[in-house]
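In what follows, a single structure is set out as structure tokens and then discussed.
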Amino acid sequence: MAGAEAVASLAAVAAGWLDHLDGPTATATLRLRRWWSSLSSSGGGRVVAAGPPSRLLGWWWPSAAPWSLRSAWGAARAAAVAPALAAASWACLALSAMLLADAVLLAAASLLAPLRRCRAAGPIAGPGPGEDVDEEAGGRGAGYPMVLVQIPMYNEREVYKLSIGAACGLAWPSDRVIVQVLDDSTDPTVKDLVELECKFWASKGKNVKYEVRNNRKGYKAGALKQGMLYDYVQQCDFVAVFDADFQPEPDFLMRIVPYLVHDPRVALVQARWEFVNPNEFLMTRIQKMTLDYHFKVEQEAGSSMFAFFGFNGTAGVWRISSIKEAGGWEDRTTVEDMDLAVRVGLKGWKFIYVGDVKVKSELPSNLKAYRRQQHRWTCGAANLFRKTGREIILTKEASFGRKLYLIYSFFFIRKVVAHVVPFMLYCVVIPLSVLIPEVTVPVWGVVYVPTAITLLYAIRNPSSIHFIPFWILFENVMSFHRTKATFVGLLELGSVNEWVVTEKIGNSSCIKPAPQILEKPPCRCWDRCTVSEILVAIFLFFCATYNLVHGSDFYFVYIYLQAITFLIVGTGFCGTSRSNS
């Protein structure tokens with residue numbers, strides 16, 4: 001996410017602190033640098049400096065190395081490496097400035113959103129739950145629209161009861177709601193359990209439909225599309241979608257559906273996610289901070305400014321006619337929810353985000369599951385940008401403002417720039433700049449811009465402000481994976497349509513009282529290690545050590561911290577490796 005850019009500000013703070021120290025810390029650092037310089041200049045058969053200490057690799061280049069090789073490297077560095085790094089630096093800085101401008105706009109819009117928020121015109125006409133019913137007027141559900149509740153699931157042994165039970169407990173006339181369980185499970189035992197749960201609720205008078213397919217074509221999108229084809233769905237006006245780990249409160253439909261009933265131009269009403277396990281690990285706490293910003297700022301701002309935002313795939317209610325007008329569910333990407341939202345939005349429909357309505361869900365506590373989830377979300381969004389960019393530009397049914405917002409802010413800045421820039425600038429360009437003395441990253445790009453973005457994130461998460469340093473460092477590690485996923489999506493490479501269902505633990509009743517920074521996974525070291533993250537950690541350790549010995553600044557403070565974070569995550573000492581599979 002964009003807030004991960006703020007990591008370099010840590011180094012600036014440390015630099016200012018150390019610059020004003022006259023005590024042992026500053027003295028030790030200076031002594032180390034002087035000792036290493038004297039060691040390099042004296043030779044001793046180990047290390048001989050090839051020129052000034054600031055020359056790249058001069059501090060470890062062997063004295064026996066051919067002079068022509070050193071000269072060739074110096075010429076290549078000056079002619080090609082330094083200009084390329086400088087160009088990458090300025091490109092990243094320009095994109096960072098664009099990211100900051102977008103963050104400021106979104107923050108302002110989200111803060112002003114309560115003043116412009118659309119409100120429901122009032123309750124739905126008809127008797128509420130528990131009220132007397134006029135049989136001549138059509139029975140208990142008279143005046144209530146027909147609602148379909150879809151619950152797609154795949155081998156959800158741990159959570160299937162939670163979602164089905166919550167859906168069947170919704171406060172809505174029983175003759176005006178259909179709960180449709182779309183089970184794509186491949187485990188026969190799980191399928192039997194889910195079917196038995198549906199029969200249990202059906203025996204209690206709930207209108208529950210258990211539907212299965214003979215294949216998983218299209219994954220979740222395919223299941224939802226198939227679910228809309230049944231005859232009984234044709235009588236429904238609206239459809240609510242919940243993933244298998246989501247637990248809506250009983251009054252969910254009572255609070256959401258009125259927005260759709262009283263404004264025929266509204267296609268989607270999205271509720272906010274709430275989490276049952278945010279304090280299980282530091283990793284889940286960081287996820288909560290990131291998602292809270294997404295809902296409080298990005299979704300709120302999109303709803304307020306352009307009546308558009310990306311559907312979150314769950315905890316939302318759609319007008320069925322708008323889905324049909326847009327062509328229904330599509331499985332061309334791994335973000336079928338965002339795909340549908342874009343196509344419906346281009347038809348001119350309005351979206352409303354209601355942050356006051358919250359739906360409980362589970363955060364991934366397994367690091368591998370979280371990586372896969374982030375790959376799917378990031379890769380799918382980038383691939384959707386590739387496939388819909390031309391359509392967005394050429395459509396005549398959406399306003400110019402909405403099209404500009406979609407192309408620039410929604411897709412380019414938040415689905416591409418926000419994922420690529422944090423890793424490229426703060427884990428590649430800045431570390432390399434300490435090795436290439438010809439390239440200097442300006443202080444405003446290293447300190448001021450990331451600090452401003454961090455503050456914009458922090459003010460919307462005041463209760464988690466003490467976790468900001470951990471969040472910054474961890475998000476930079478995840479930006480490494482998001483960068484890879486972004487290019488996979490944009491270039492449509494091999495794993496562009498890879499779909500792995502996020503694993504659920506189903507342990508909401510066993511939440512730890514305080515976040516744990518590290519947990520040692522109970523598995524073999526080589527099973528939990530990620531080589532790419534360890535290699536990045538080694539690269540950062542190298543850059544930090546070089547800066548410590550020969551640099552004139554204190555970037556090594558941040559670079560060491562970031563290297564340690566990459567190493568911790570790369571060796572699996574983050575989250576848990578528990579698996580129910």
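What you are looking at is a predicted structure, and each value in this text was computed from that prediction instead of being measured. For reference, positions follow the sequence shown, starting with 1.
Looking only at side-chain heavy atoms (C-beta outward), Asn312 and Asp337 stay at 4.5 Å or farther from each other. For the pair Tyr426/Pro450, a side-chain contact is recorded, criterion being any heavy-atom separation below 4.5 Å from C-beta on.
Judged purely by distance below 3.5 Å, without hydrogens or angles, the side chains of Arg372 and Thr502 never pair a donor atom with an acceptor atom.
At most 12 heavy atoms of other shown residues, nucleotides or ligands fall within 6.0 angstrom of atom OH in Tyr448.
Cation-pi geometry between Lys360 and Phe275 is not satisfied (NZ or CZ under 6.0 Å from the ring centre, within 45° of the ring normal).
Every residue was checked against the ring-ring contact (aromatic ring centres under 6.0 Å, His included) condition with Phe238, not counting sequence neighbours, and none meets it.
Using a distance-only test at 3.5 Å, with no hydrogens or angles considered, no donor-acceptor pair links the side chain of Ser303 to the main chain of Glu300.
Under the 30°/60° scheme for interplanar angles, the aromatic rings of Phe411 and Phe385 are found to lie parallel. Classification of the Trp172-Tyr144 ring pair by plane angle, with boundaries at 30° and 60°, yields perpendicular.
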Audit row: Leu106, Arg414, side chain to side chain contact (heavy atoms under 4.5 Å, CB included) steps and yes/no: CA-CA 11 Å; Leu106 293 178; Arg414 281 184 270 157; 3.9 Å; yes
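Checked for salt-bridge contact, Glu533 and Arg371 meet the test: a charged N lies under 4.0 Å from a carboxylate O. The pair Lys288-Glu280 fails the salt-bridge criterion, with no side-chain N (NZ, NE, NH1 or NH2) lying under 4.0 Å from an Asp/Glu carboxylate O. Salt-bridge formation is not detected for the pair Arg343/Glu391: no Lys NZ or Arg NE/NH1/NH2 atom is positioned less than 4.0 Å from an Asp or Glu carboxylate oxygen.
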Review item, side-chain donor-acceptor pairs of residues 215-225, under 3.5 Å, at least two apart:
unit_1: Asn215; atom_1: OD1; unit_2: Lys217; atom_2: N; d: 3.0
unit_1: Lys220; atom_1: NZ; unit_2: Asp243; atom_2: OD1; d: 2.8
unit_1: Lys220; atom_1: NZ; unit_2: Gly313; atom_2: O; d: 2.8

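Taking the six-membered ring for Trp and the full ring otherwise, the centers of Phe351 and Trp318 sit less than 6.0 Å from each other.
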